[in-house]
Amino acid sequence: MEYFIDSASIGEIKEAASLGVLDGVTTNPSLVAKTGKPFAEVAKEICEFVNGPVSLEVVGTTAEDMVKEAKELRRFGSNVVVKIPMMSEGLKAVKRLSSEGIPTNVTLIFQPLQALLAAKAGASYVSPFIGRLDDIGQNGLDLVQDILTIFRQYHLKTKVLAASVRHPTHVLECAKMGAHVVTLPVKVIHQLTKHPLTDSGLKTFLEDWKKVQN
Ligand code: G3P
C-alpha cells in the first residue's frame with residue numbers, strides 16, 4: 001500500500017518525507033487555503049520537492065475549463081496528477097485527459113458507482129472519502145471495500161486512493177482490504193509510528209542501560 005500525505009504544507013510534506021516512507025502528495029483547495037500562500041507558489045514548491053505523484057485540483061466546473069486548467073497544472077511538473085471532482089462534466093474531462101495520457105484523480109467519491117464511472121472514463125485514481133461518510137453515520141470503509149470488489153471483478157486498473165482518513169484504524173482496515181493508496185494527514189502519519197508499550201519499553205531499556213555503565 002502506498003502512503004501519500006494529504007497536505008499542501010511544504011513543512012509537513014518535508015517532515016513526512018524525512019521518514020522515508022512517503023510515496024506522494026494529495027492537496028485540495030481547502031488545504032492550499034490553509035497555507036495562506038498563493039496557489040502557484042505552493043504548487044511549484046511541492047512539485048519541485050516531491051518525486052512521486054502530486055494531486056492538484058481543478059476548480060473549473062465545465063469539462064472545457066477543467067481540461068484547460070489541467071494542462072496549466074501539468075506545467076508545475078510531470079508528476080502532477082489532475083484532481084477532478086466527481087460530476088458529469090468531470091467525467092468528460094477525465095475521458096479527454098486520459099486519452100491524452102494525462103493522469104487524473106477523481107475526488108469526492110461517496111458511492112461505489114461513482115467510482116466505477118470514473119474508472120470507465122479512464123481515471124488513474126479514485127478518492128473515496130472515508131471520514132466524511134463516517135461523520136454522517138455511514139460506513140466509509142464499506143465504500144472502499146465495495147469499490148475494490150467492483151474493480152477486481154472487472155480487472156480495472158484504476159487505483160483506489162482512500163482519502164479523508166482520520167485515524168490509524170482507517171489505515172489498518174484499508175491495508176487489510178488491499179487499497180492501493182491511503183492519503184494521510186500528518187497527524188495520522190505520526191500516530192502510525194506509536195504504541196504506548198513501545199514508549200514504556202524504550203524508557204525501561206534506557207533506564208536499565210544506565211545501571212550497567214561503570
Ligand atoms: O483531500 C481529500 C480528503 O482527504 C479530505 O479529507 O479530512 O477534509 O475530510 P477531510
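Counting starts at 1 for both ligands and their atoms, in listed order. Counting from 1, the numbers follow the sequence of the chain as shown.
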Novice: Please could you name the atoms of ligand 1 that Arg166 approaches to less than 4.0 Å, counting only its heavy atoms?
Specialist: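 Ligand 1 atoms under the 4.0 Å threshold to Arg166: 7 (O), 9 (O), 10 (P).
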Novice: Write out the residue and atom name of the closest protein heavy atom to atom 8 (O) of ligand 1, then the distance separating them to 0.1 Å.
Specialist: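 Of the protein heavy atoms, Arg132 NH2, 2.8 Å lies nearest.
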Novice: Measure the distance from atom 2 (C) of ligand 1 to every protein heavy atom, then report the residue, atom name and distance (to 0.1 Å) of the closest one.
Specialist: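 Looking at atom 2 (C) of ligand 1, the protein heavy atom closest to it is Phe129 CZ, 3.3 Å.
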Novice: Check whether any side-chain heavy atom of Thr107 lies under 4.5 Å from a side-chain heavy atom of Phe129, and answer yes or no.
Specialist: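 SC-SC contact between Thr107 and Phe129 confirmed.
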Novice: Within the side chain of Glu41, is there an N or O that forms a donor-acceptor pair under 3.5 Å with the backbone of Pro38?
Specialist: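 The answer is no, because no donor-acceptor pair under 3.5 Å joins these two groups.
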Novice: Suppose we measure from atom 6 (O) of ligand 1 to each protein heavy atom; which comes out shortest, and what is that distance?
Specialist: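 For atom 6 (O) of ligand 1, the nearest protein heavy atom is Ser164 CA, 3.3 Å.
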Novice: Tell me if a side-chain donor or acceptor on Glu12 pairs with a main-chain N or O of Ala8 at a distance below 3.5 Å.
Specialist: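 A pair under 3.5 Å: no.
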Novice: If you look at every heavy atom in Cys174 and Ala162, which pair is closest and at what distance?
Specialist: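 Looks like SG-CB, 3.6 Å.
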Novice: Considering only the protein, which heavy-atom contact is closest to atom 4 (O) of ligand 1, and what is its distance?
Specialist: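 Of the protein heavy atoms, Asp6 OD2, 2.5 Å lies nearest.
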Novice: Looking at CD of Glu57 and CE of Met66, how far apart are the two atoms once the value is rounded to the nearest 0.5 Å?
Specialist: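 Glu57 atom CD to Met66 atom CE measures 9.5 Å (nearest 0.5 Å).
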Novice: Between Lys83 and ligand 1, find which residue part has any heavy-atom pair under 4.0 Å and reply side chain, backbone, both or neither.
Specialist: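 Just the side chain.
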